[in-house]
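The first residue in the sequence is number 1, and the count goes up from there. Computed over heavy atoms, backbone and side chain alike; hydrogens, waters and symmetry mates excluded. Predicted model, so just to flag it, every value in this text is computed and none were measured.
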Amino acid sequence: MSIEKDICLECPYCDEAIHRSLSWFKQTYFTCPACEQGLSAAQFAGIVDEIEEELDAQIEEMIQGSGEKKSGCCGGRSSCCK
Ligand SMILES: [Zn+2]
């Protein structure tokens, strides 16, 4: 599952916070909107991976209805969970 999510990362050149979608930071080549220095996905790969993992975990939690682990497919809210 992929959700288009806006994230905020700092430009390594000017330290300006860049607010863009996750996929924007995964482009092969792009420029910082603040200082217009060339940036590449490789410069953000580590942090972007981390954020993606976090988002995946959040999505899992949303699907499960809450962060708590409950038994059954729906947390026992409907009769399919016995
Ligand atoms: Zn910059």
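The distance from atom CZ of R20 to atom CD1 of I7, rounded to the nearest 0.5 Å, is 11.5 Å. Atoms CG and CH2, from L39 and W24 in turn, are 6.5 Å apart once rounded to the nearest 0.5 Å. Once rounded to the nearest 0.5 Å, the distance linking SG of C11 with CD of E36 reads 11.0 Å. The line from OG of S40 to CD of Q27 is 11.0 Å long, rounded to the nearest 0.5 Å.
Taking both residues in full, the closest heavy atoms of P12 and F44 are given as CD-CZ, 3.7 Å, listed atom of the first, atom of the second, then distance. Of all non-hydrogen atoms in I18 and C32, the two that sit nearest each other are CD1-SG, 4.1 Å.
With salt bridges taken as basic N to acidic carboxylate O contacts below 4.0 Å, one links K26 and E52.
Side chain of E53 to main chain of E50: no donor-acceptor pair is present (N/O by atom type, distance under 3.5 Å, no hydrogens or angles).
Below 30°, between 30° and 60°, or above 60°: for F30 and F25 the angle between ring planes is above 60°, a perpendicular geometry.
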